[in-house]
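Written out below as structure tokens is the structure these notes cover.
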Amino acid sequence: MKKLTKTELKEFLDEKAYFYEQPKFIETDPIQIPHLFTQKKDIEISGFLTATISWGNRKSILKNAHKLMSLLGNSPYDFIMNHSKTDIHNLEGFVHRTFNSSDLTYFITALHHLYNTFGDMESFFEQYKKENNLQSAIHDFKKVFFSLPHPLRTEKHISDPYKNSAAKRIHMFLRWMVRDNSAGVDMGIWNSLSPSQLSCPLDVHSGNVARKLGLLKRKQNDGKALLELDTKLRKLDVIDPVKYDYALFGLGVFEKF
């Protein structure tokens with residue numbers, strides 16, 4: 001592909017972003033899970049847990065995310081706040097790749113603590129956000145989330161941007177919560193944060209496409225690469241840079257760009 005001018009690149013990515021940010025996108029994407037719910041806290045919790053296990057085979061992700069919601073009685077917030085020991089016991093055997101029932105049990109405990117302390121997840125991020133991005137808020141979220149006694153192995157399931165992680169899954173969760181629902185895909189239930197603060201959920205697909213388009217030079221998909229990509233995407237659209245996640249991901253997964 002020939003090198004595009006900035007204007008040509010923006011026009012190309014705007015067109016692809018519009019093409020992929022359509023309700024049909026939901027049919028094969030983990031975002032379908034929070035779309036099952038209407039109450040804010042159910043959407044938050046289902047989205048967070050689904051994003052947490054969103055790596056690997058997409059069919060497996062969807063299968064296990066639906067199974068997880070079933071284990072939570074299809075009422076995630078009520079389960080988090082009112083579960084019994086029997087309810088927790090019934091989680092035994094759940095596994096998605098390296099995320100197992102002991103990890104899930106701690107996540108339930110930590111979410112209970114978080115909702116008791118902050119009221120909801122949006123309130124936490126509103127309190128800890130900085131103007132330009134949400135990297136520090138994610139770092140603080142991980143500290144608070146793991147402030148209770150927990151298995152050390154469970155910490156790997158939430159990435160820390162301050163340790164040079166691209167933190168793809170939690171950035172994807174934040175995109176779901178913050179970007180508006182006008183296209184019928186993202187949830188748009190958090191009004192206290194701005195799409196301009198979001199970072200692109202950088203993975204192998206979006207990373208490879210970004211390199212081919214000259215948006216990214218760094219070879220690793222890490223925190224430094226994310227900063228590089230964020231900087232470029234903000235030059236294309238400072239108000240809503242993460243809309244281009246649809247273009248980069250769609251080009252990589254569906255068009256094998």
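Just so it is clear, the values below take in all heavy atoms, side chains as well, and ignore hydrogens, waters and symmetry mates.
- A donor-acceptor pair under 3.5 Å is formed between the side chain of Asn164 and the backbone N or O of Lys224.
- Sorted by first then second residue, the salt bridge (Lys or Arg N to Asp or Glu O under 4.0 Å) pairs that include residues 36-51, not counting sequence neighbours, are Lys40-Asp120, Lys40-Glu122.
- A 4.5 Å side-chain heavy-atom check between Leu91 and Phe79 finds at least one atom pair inside the cut-off.
- Between Val242 and Leu233, every side-chain heavy-atom pair lies at or beyond the 4.5 Å cut-off.
- Sorted by first then second residue, the salt bridge (Lys or Arg N to Asp or Glu O under 4.0 Å) pairs that include residues 66-79, not counting sequence neighbours, number zero.
- Using a 3.5 Å distance cut-off with no hydrogens or angles, the side chains of Ser199 and Asn133 do not pair a donor with an acceptor.
- When the shell of 6.0 Å around CG of Asn132 is examined, it contains 12 or fewer heavy atoms from other residues, nucleotides or ligands.
- Residues Arg58 and Asp29 are paired through a salt bridge, judged by an N-O separation under 4.0 Å between the basic side chain and the carboxylate.
- Counting only heavy atoms from C-beta outward, the side chains of Pro76 and Leu49 never approach each other to under 4.5 Å.
- Shortest non-hydrogen contact noted between Leu148 and His113 is CD1-CB, 3.7 Å.
- Aromatic pair Phe249/Tyr20: ring centres not closer than 6.0 Å.
- Residue pairs satisfying the side-chain hydrogen bond (donor to acceptor under 3.5 Å, both in side chains) criterion with at least one member in residues 137-147, sequence neighbours excluded, are listed as follows: His139-Asp160.
- Of the charged side-chain nitrogens involved, at least one lies within less than 4.0 Å of a carboxylate oxygen, so that Arg179 and Glu21 count as a salt-bridged pair.
- Remark: Lys130 NZ is loosely packed, at most 12 non-hydrogen atoms of other residues, nucleotides or ligands lying under 6.0 Å away.
- By the 4.5 Å heavy-atom criterion applied to side chains, Leu215 and Leu13 are counted as neighbours.
- Checking Arg175 against Tyr246 by side-chain atom types alone, a donor-acceptor pair falls below 3.5 Å.
- Atom CD of Gln22 sits in a crowded spot, with more than 12 heavy atoms from other residues, nucleotides or ligands closer than 6.0 Å.
- At least one side-chain heavy atom of Ile158 sits less than 4.5 Å from a side-chain heavy atom of Phe146.
- By the 6.0 Å contact criterion, CZ on Phe254 is enclosed, its count of non-hydrogen atoms from other residues, nucleotides or ligands being greater than 12.
- When hydrophobic side chains of Ile, Leu, Val, Met, Phe, Trp and Tyr are connected at separations under 4.5 Å, Leu62 ends up as a singleton with no cluster partners.
- Between Gln32 and Ile26, the closest heavy-atom pair is NE2-O, 3.2 Å.
- Counting heavy atoms from C-beta on, the side chains of Ile189 and Trp176 never come closer than 4.5 Å.
- Asn221 and Arg211 share a donor-acceptor pair across their side chains, judged by distance under 3.5 Å alone.
- Looking at Thr7 and Thr5, their side chains never bring a donor and an acceptor atom within 3.5 Å of each other.
- Taking Phe107 as the reference, Phe48, Phe99, Phe145 meet the ring-ring contact (aromatic ring centres under 6.0 Å, His included) condition, with sequence neighbours excluded.
- Asp14 pairs by the side-chain hydrogen bond (donor to acceptor under 3.5 Å, both in side chains) definition with Lys10, Lys243, Tyr244, not counting sequence neighbours.
- Side chain to side chain, Asn82 and Tyr77 fail the donor-acceptor criterion of an N or O pair below 3.5 Å.
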